[in-house]
Amino acid sequence: MKIATADVVVCSPDRNFVTLKITTDDGLTGLGDATLNGRELAAASYLRDHVVPLLIGRDARNIEDTWQFLYRSAYWRRGPVTMVAIAAVDVALWDIKAKAAGMPLYQLLGGASRTGIRAYGHASGRDLPELFDSIRRHQELGFRSIRVQTSVPGIKAVYGVAAQPSAGGTRYDYEPAQRAPLPAEEDWDTGAYLRHLPTVFEAVRSEFGPDLPLLHDGHHRMTPIQAARLGKELEPYDLFWLEDCTPAENQEALRLVRQHTTTPLAIGEVFNTVWDFQTLIREQLIDYVRAAVTHTGGITAMRKLLDYAAQYQIKSGIHGPTDISPVGMAAALHLDLAIHNFGIQEYMQHGERTNDVFRQSFRFEDGYLHPGDEPGIGVELDTDLADRMPYQQAYLPYNRLGDGTVHDW
Ligand code: GCO
Ligand code: MG
């Protein structure tokens with residue numbers, strides 16, 4: 001079973017996606033997601049120019065060996081571009097192996113450890129009535145766990161808040177990253193945010209009661225002492241997790257946060273190897289691993305990372321916004337179903353055009369996702385349709401403080 005061709009497909013149905021399609025000499029195909037939001041073409045070139053020539057003629061069955069070869073032979077370790085490329089190859093090869101075995105991938109990973117995958121959706125609002133509506137709409141869609149993001153008085157645009165909640169309320173307009181020649185500038189004030197957020201959670205708890213699991217994403221904006229204060233102030237509202245409270249690259253920062261609060265912490269969507277999590281896991285500074293299968297080297301690497309986390313009772317919270325393609329999402333779902341230390345899965349539904357390009361067997365019913373039982377990962381790419389939706393320049397926004405200083409977005 002040798003790799004005959006490997007094609008990189010860049011398409012933009014609702015947003016840009018980079019997909020690797022590997023075909024073997026006996027006619028099996030596998031898909032992998034290499035989408036790196038706002039830097040898609042770097043990942044496409046890394047694959048096309050540097051990885052694809054190395055794949056042709058390799059034995060498609062040797063997934064671990066291919067992973068180690070791509071990681072170590074590059075010499076330059078880690079980094080998002082390298083790791084999305086390795087992830088795409090890895091997931092495509094697992095897809096092929098599972099198709100060859102005639103099984104859904106989760107069976108090869110040890111079989112199902114649960115009947116469904118608990119998912120959380122993204123509610124948001126510019127004020128409390130809008131936020132409450134959004135939470136109710138998500139409950140109607142079936143979500144039983146809800147992320148809450150809110151506008152802050154005095155700040156014009158805040159991460160995670162839909163600008164047109166009336167348009168369905170479940171998608172926000174910078175997901176996809178804005179299609180524009182330059183990134184949009186947003187404003188930020190951590191003091192105003194810290195004063196406002198606990199009042200919003202108090203209102204949400206008194207409206208929706210104590211049972212609804214609530215999450216929040218701080219999106220890397222606080223210092224350790226600010227994060228410690230927020231975690232402490234949110235304790236009465238019993239969050240499922242507080243995500244990315246500090247910029248993730250300073251792992252030691254979490255020691256300080258941890259000493260001050262029992263609010264559960266989730267970190268890791270911008271990480272790409274197990275090494276980025278080493279201190280966080282060994283010192284038990286987090287409760288949930290937020291890595292993405294797409295950004296963290298695929299199924300092979302994520303399995304090792306989550307098995308390491310399991311030794312410390314740390315659970316999964318795999319990254320699943322719309323910039324993870326249906327291919328990356330399906331890969332995550334197979335892993336979620338198989339591992340023991342599953343926590344929760346993020347799920348932002350893709351748009352219709354995306355679902356036309358990527359036909360999926362995974363389903364969302366009554367708050368639970370399931371990868372489906374088709375052989376492989378259960379996603380097929382319509383390449384003709386994809387070719388009719390070419391790449392469009394797009395950037396994530398960035399932040400400036402009131403005095404013009406650039407801040408984490
Ligand atoms: C999340 C993330 C995303 C990121 C996005 C950037 O928790 O889902 O923070 O919304 O902003 O993945 O590309
Ligand atoms: Mg996040």
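Both counts, for ligands and for their atoms, begin at 1 and track the order of listing.
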* To do: May I ask you to check whether W409 and Y398 place their ring centers less than 6.0 Å from one another?
  => no

* CA sep, side-chain torsions, deciding dist, call: F362, H334, ring-ring contact (aromatic ring centres under 6.0 Å, His included) -> CA-CA 10 Å; F362 67 77; H334 286 276; 9.1 Å; no

* Asked: Can a donor-acceptor pair be found between the side chains of H219 and E243 at a distance below 3.5 Å?
  -> no

* Asked: How open is the angle at the Mg ion (ligand 2) from atom OD2 of D217 over to atom OE1 of E269, rounded to 10 degrees?
  -> 180°

* Asked: Hey, which atoms in ligand 1 end up nearer than 4.0 Å to a heavy atom of R147?
  -> 1 (C), 7 (O)

* Asked: Among H122, Q149, E269, which residue places a heavy atom closest to atom 9 (O) of ligand 1?
  -> E269

* Using heavy-atom distances, let me know which of L215, D244, N37, T35 sits nearest atom 6 (C) of ligand 1. => N37

* ligand 1 to R290 polar contact by distance, N or O atoms, under 3.5 Å -> yes

* Asked: Quick one: does D217 get an N or O within less than 3.5 Å of an N or O on ligand 1?
  -> yes

* With respect to the Mg ion (ligand 2), what is the nearest N, O or S atom of E243? -> OE2

* Kindly assign one of parallel, tilted or perpendicular to the pair Y120 and H122, based on the angle between their ring planes and the thresholds 30° and 60°. => parallel

* To do: Measure from the ring center of F271 to the ring center of F277 and say whether it is less than 6.0 Å.
  => yes

* To do: Could you tell me whether the side chain of V158 reaches within less than 4.5 Å of the side chain of Y193, counting heavy atoms only?
  => no

* Structure fact -> Taking only non-hydrogen atoms of E243 and a 4.0 Å limit, the atoms of ligand 1 in range are 7 (O)

* Asked: Is it true that the NZ or CZ of R221 lies under 6.0 Å from the centre of W188's six-membered ring and within 45 degrees of the ring axis?
  -> yes

* **Contacting atoms of ligand 1, where contact means under 4.0 angstrom from a heavy atom of Y159** => 1 (C), 2 (C), 3 (C), 7 (O), 9 (O), 10 (O), 11 (O)

* Is there an N/O/S atom in E346 that lies less than 2.8 Å from the Mg ion (ligand 2)? -> no

* Between F69 and R58, is there a cation-pi geometry (under 6.0 Å to ring centre, at most 45° from the normal)? -> yes

* Structure fact -> At under 4.0 Å between heavy atoms, what of H319 touches ligand 1? The answer is side chain

